[in-house]
Colleague: 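What follows is a single structure, and I will ask about it in a moment.
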Amino acid sequence: MSEEKQVNNPLHGKTLEFILKQLVWHYGWPELGALIKIACFNNDPSLKSSLTFLRKTEWARKKVEKLYLNTFH
């Protein structure tokens, strides 16, 4: 049943790490930090620290997912 729900979900099968790497590749850390104003993108950004924060902070993860969808879909 859950498979049927995911058919039209453009994020299905994409990890948070994949999404973040794509955004960093496309925008770079400075522009990403300007688009989504969170400290882990603006103060000494790294993939590891950003993923740690995003996995714990739902509102920030939602902003990242929305930007990914707006950029690539």
Side-chain angles (χ1 to χ4, degrees):
M1 186 80 152
S2 65
E3 286 293 320
E4 292 174 16
K5 292 180 183 177
Q6 297 296 325
V7 172
N8 294 322
N9 181 353
L11 295 176
H12 180 66
K14 293 182 175 57
T15 64
L16 184 58
E17 182 176 3
F18 172 83
I19 291 169
L20 185 57
K21 283 181 177 180
Q22 291 295 304
L23 290 172
V24 171
W25 172 81
H26 186 77
Y27 292 110
W29 289 112
E31 189 172 352
L32 187 57
L35 292 168
I36 303 175
K37 294 175 179 28
I38 52 178
C40 65
F41 292 168
N42 290 305
N43 301 332
D44 195 27
S46 74
L47 192 61
K48 184 178 178 182
S49 66
S50 297
L51 286 172
T52 300
F53 176 76
L54 293 171
R55 287 180 178 132
K56 294 178 182 178
T57 315
E58 185 176 353
W59 64 264
R61 185 175 64 248
K62 296 288 184 196
K63 287 186 176 207
V64 168
E65 290 171 348
K66 184 177 179 182
L67 179 62
Y68 175 82
L69 291 174
N70 290 338
T71 302
F72 296 108
H73 288 275

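These numbers come from the heavy atoms of this one structure, side chains and all, not from hydrogens, waters or symmetry mates.
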Colleague: For residues 45-66, which residue pairs pass the ring pair (Phe, Tyr, Trp, His ring centres under 6.0 Å) check, not counting sequence neighbours?
Modeller: none
Colleague: Side chains of Leu67 and Lys63: does their closest heavy-atom pair fall under 4.5 Å?
Modeller: no
Colleague: Would you name the heavy atoms of Pro10 and Leu69 that are closest together and state the gap between them?
Modeller: CG-CD2, 3.5 Å
Colleague: For Cys40 versus Ser50, what's the shortest heavy-atom pair and its separation?
Modeller: O-OG, 3.3 Å
Colleague: Using 0.5 Å steps for rounding, measure from the CG atom of Leu32 to the CD1 atom of Ile38.
Modeller: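 Between Leu32 CG and Ile38 CD1, I get 7.5 Å after rounding to 0.5 Å.
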Colleague: Might you work through the side chain to side chain contact (heavy atoms under 4.5 Å, CB included) test for Phe41 and Val64, ending with a clear yes or no?
Modeller: CA-CA 11 Å; Phe41 292 168; Val64 168; 3.9 Å; yes
Colleague: Would you please name every residue forming a ring-ring contact (aromatic ring centres under 6.0 Å, His included) with Tyr27, sequence neighbours left out?
Modeller: none
Colleague: To the nearest 0.5 Å, tell me how far Leu23 CG sits from Leu35 CG.
Modeller: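 Nearest 0.5 Å value for the CG-CG distance: 9.0 Å.
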Colleague: According to ring-ring contact (aromatic ring centres under 6.0 Å, His included), who are the partners of Phe72, at least two apart in sequence or on a separate chain?
Modeller: His26, Tyr68
Colleague: Does anything in residues 36-52 pair up under salt bridge (charged side-chain N to carboxylate O under 4.0 Å, His left out), and if so which pairs, sequence neighbours excluded?
Modeller: none
Colleague: Can you tell me how far NZ of Lys56 sits from CG of Leu54, rounded to the nearest 0.5 angstrom?
Modeller: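 Separation between the atoms: 11.5 Å.
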Colleague: To the nearest 0.5 Å, how far apart are CG in Leu11 and CD1 in Ile19?
Modeller: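 Rounded to the nearest 0.5 Å, the CG-CD1 separation comes out at 5.0 Å.
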Colleague: Using side-chain hydrogen bond (donor to acceptor under 3.5 Å, both in side chains) as the criterion, list what pairs up with Ser46, not counting sequence neighbours.
Modeller: Ser49
Colleague: Keeping to residues at least two apart or across chains, list the salt bridge (charged side-chain N to carboxylate O under 4.0 Å, His left out) pairs with something in residues 8-19.
Modeller: Glu17-Lys21
